[in-house]
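If you're wondering where the values come from, they're calculated on a predicted model, not measured in any experiment.
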Amino acid sequence: MLISLLRRGGPLLASALVLFAAVACLFGPESVQRLVGSGWYVAGAGIVALSSLLAAVIAVPRRFWTSAIQHFGLVVALIGVFVNQKAAHSGYLFLEQRGGISDVVLSRNFR
């Protein structure tokens, strides 16, 4: 029962988390940081990682290698996001920009 729920509900939950984050982006980085740092969002991402890991484990014996690699990659990415969120205590991604001949600026915008 639980495995069936994870297999069917994982993609729907992942889509909902992406939608919530996209809507929060419209209100600025502070709202995104509050959203992705909330307990329910982290729990939802954990459930998505668990369902993706389950899908990968099921795909390996069936020799669906591309599906297994994609699902394991999603698990690794979500673990990396979680570790970054908890260790750095931030939701920002700093992008390096070249301002001149020797100037380097760290920017919070994605342009």
Side-chain angles (χ1 to χ4, degrees):
M1 173 83 176
L2 179 63
I3 292 175
S4 175
L5 182 65
L6 281 175
R7 287 185 69 195
R8 291 195 178 123
L12 184 63
L13 181 60
S15 299
L17 293 176
V18 168
L19 180 66
F20 289 143
V23 169
C25 279
L26 298 174
F27 300 104
E30 292 83 18
S31 63
V32 174
Q33 188 172 11
R34 280 194 312 269
L35 174 71
V36 298
S38 65
W40 68 268
Y41 195 88
V42 172
I47 292 170
V48 169
L50 183 63
S51 67
S52 184
L53 182 62
L54 177 66
V57 168
I58 290 172
V60 168
R62 295 180 183 174
R63 297 182 187 249
F64 296 140
W65 300 116
T66 55
S67 177
I69 290 170
Q70 289 173 352
H71 284 94
F72 277 130
L74 179 61
V75 171
V76 169
L78 287 173
I79 289 171
V81 167
F82 177 76
V83 168
N84 180 40
Q85 183 70 24
K86 294 303 173 189
H89 301 291
S90 72
Y92 293 111
L93 173 65
F94 291 100
L95 301 176
E96 185 178 321
Q97 292 180 341
R98 299 263 176 214
I101 295 173
S102 63
D103 295 338
V104 176
V105 179
L106 293 178
S107 174
R108 288 187 177 172
N109 65 12
F110 294 105
R111 292 182 215 151

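- With contacts defined as side-chain heavy-atom distances shorter than 4.5 Å, the pair Phe64/Ile58 does not qualify.
- Here CG of Leu53 is found 11.0 Å from CG of Leu78. Values are rounded to the nearest 0.5 Å.
- With a 6.0 Å radius and a threshold of 12 heavy atoms from other residues, nucleotides or ligands, Tyr41 has its OH atom above the threshold.
- For the residue pair Ala68 and Ala56, the shortest heavy atom distance occurs at O-CB, 3.8 Å.
- Exactly one residue among Leu17, Val75, Leu12 makes a side chain to side chain contact (heavy atoms under 4.5 Å, CB included) with Val48. That residue is Leu17.
- The side chain to side chain donor-acceptor pair (under 3.5 Å) test applied to Ser15 returns no partner, not counting sequence neighbours.
- Considering all non-hydrogen atoms of both residues, Leu35 and Ala24 come closest at CD2-CB, 3.9 Å.
- The distance between the ring centers of Phe20 and Trp40 falls below 6.0 angstrom.
- Put simply, the side chain of Ser52 never gets that close to the backbone of Leu74: no donor and acceptor are under 3.5 Å apart.
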